[in-house]
Amino acid sequence: QVQFVESGGGLVQPGGSLRLSCAASGNIFRVLNMGWYRQVPGNQREFVARITAGGSTNYADFVKGRFTISRDNAKNTVYLQMNSLKPEDTAVYYCNAPMSGSPWGQGTQVTVSL
């Protein structure tokens with residue numbers, strides 16, 4: 001199993017930007033497909049973005065054109081650059097490797113508000 005530690009969340013005004021980071025343990029990060037997800041209390045966790053081991057990306061429709069996922073295999077880290085943030089982006093953001101069976105981390109809170 002791989003463990004993940006998310007960071008970079010915070011309070012930002014609508015239209016602002018944040019960059020989230022997710023550090024992974026172990027030495028298999030470079031072969032993992034990685035994803036970002038988010039959850040609002042009372043709702044199910046939802047998919048936000050994914051990057052494959054080869055660098056291909058795909059996004060949920062509600063973040064296309066605003067969010068960018070990237071990875072640095074040398075640092076065992078995946079990033080989520082979030083621009084043009086909206087109040088509805090407020091959530092706890094998590095990263096994980098789909099289908100890996102790895103546990104979820106603690107997430108990082110993103111709050112978009114005036």
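In what follows, every heavy atom counts, from backbone to side chain, and hydrogens, waters and symmetry copies are set aside. What you are looking at is a predicted structure, and each value in this text was computed from that prediction instead of being measured. Counting from 1, the numbers follow the sequence of the chain as shown.
Looking at T57, its side chain never comes within 3.5 Å of a backbone N or O of I51 through a donor-acceptor pair. In this structure, E6 contributes its side chain and C95 its backbone to a donor-acceptor pair below 3.5 Å. Panel note: side chain N96, backbone P98; no donor-acceptor pair is recorded below 3.5 Å.
Applying the salt bridge (charged side-chain N to carboxylate O under 4.0 Å, His left out) rule to pairs touching residues 104-114 yields nothing, sequence neighbours excluded. Annotation: salt bridge (charged side-chain N to carboxylate O under 4.0 Å, His left out) contacts involving residues 89-107, sequence neighbours excluded, comprise R38-D89, R66-D89. Residue pairs meeting the disulfide (SG to SG under 2.5 Å) criterion with at least one member in residues 36-92, sequence neighbours excluded, do not occur. Screening residues 105-114 for side-chain hydrogen bond (donor to acceptor under 3.5 Å, both in side chains) gives Q109-T111 as the qualifying pairs, with residues at least two apart or on separate chains. Applying the salt bridge (charged side-chain N to carboxylate O under 4.0 Å, His left out) rule to pairs touching residues 92-104 yields nothing, sequence neighbours excluded. Each salt bridge (charged side-chain N to carboxylate O under 4.0 Å, His left out) pair with one or both residues in residues 20-35, not counting sequence neighbours, would appear here, but there are none.
Using a 4.5 Å heavy-atom cutoff, the side chains of E46 and F62 are in contact.
Grouping the Ile, Leu, Val, Met, Phe, Trp and Tyr side chains by contacts below 4.5 angstrom, directly or via other members, places L85 with V48. Both W36 and Y59 sit in one connected hydrophobic cluster of ILVMFWY residues. Membership requires side-chain heavy atoms under 4.5 Å apart, directly or through other members. V110 is not connected to Y94 by any chain of hydrophobic side-chain contacts under 4.5 Å among Ile, Leu, Val, Met, Phe, Trp and Tyr, and they are in different clusters. Using a 4.5 Å cut-off between side-chain heavy atoms of Ile, Leu, Val, Met, Phe, Trp and Tyr, with links allowed through other members, V112 and L80 fall into the same hydrophobic cluster. Criterion: ILVMFWY side-chain heavy atoms under 4.5 Å apart, direct or through other members. Under it, V78 and F67 are part of a common hydrophobic cluster.
Partners of F47 by side chain to side chain contact (heavy atoms under 4.5 Å, CB included), not counting sequence neighbours, listed by chain and number: Y37, R50, N58, A60. In this structure A97 satisfies the side chain to side chain contact (heavy atoms under 4.5 Å, CB included) test together with F4, L32, M34, S100, sequence neighbours excluded. By the side chain to side chain contact (heavy atoms under 4.5 Å, CB included) test, V40 pairs with N43, A91, sequence neighbours left out. For N33, there are no side-chain hydrogen bond (donor to acceptor under 3.5 Å, both in side chains) partners, not counting sequence neighbours.
The number of heavy atoms from other shown groups lying within 6.0 Å of CD (Q44) does not exceed 12.
Residue M99 belongs to no hydrophobic cluster, having no ILVMFWY side-chain heavy atom closer than 4.5 Å to its own.
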Donor-acceptor contacts under 3.5 Å from residues 10-29 side chains, at least two apart:
from: S17; atom 1: OG; to: N83; atom 2: OD1; distance (Å): 2.9
from: S25; atom 1: OG; to: Q3; atom 2: N; distance (Å): 2.9

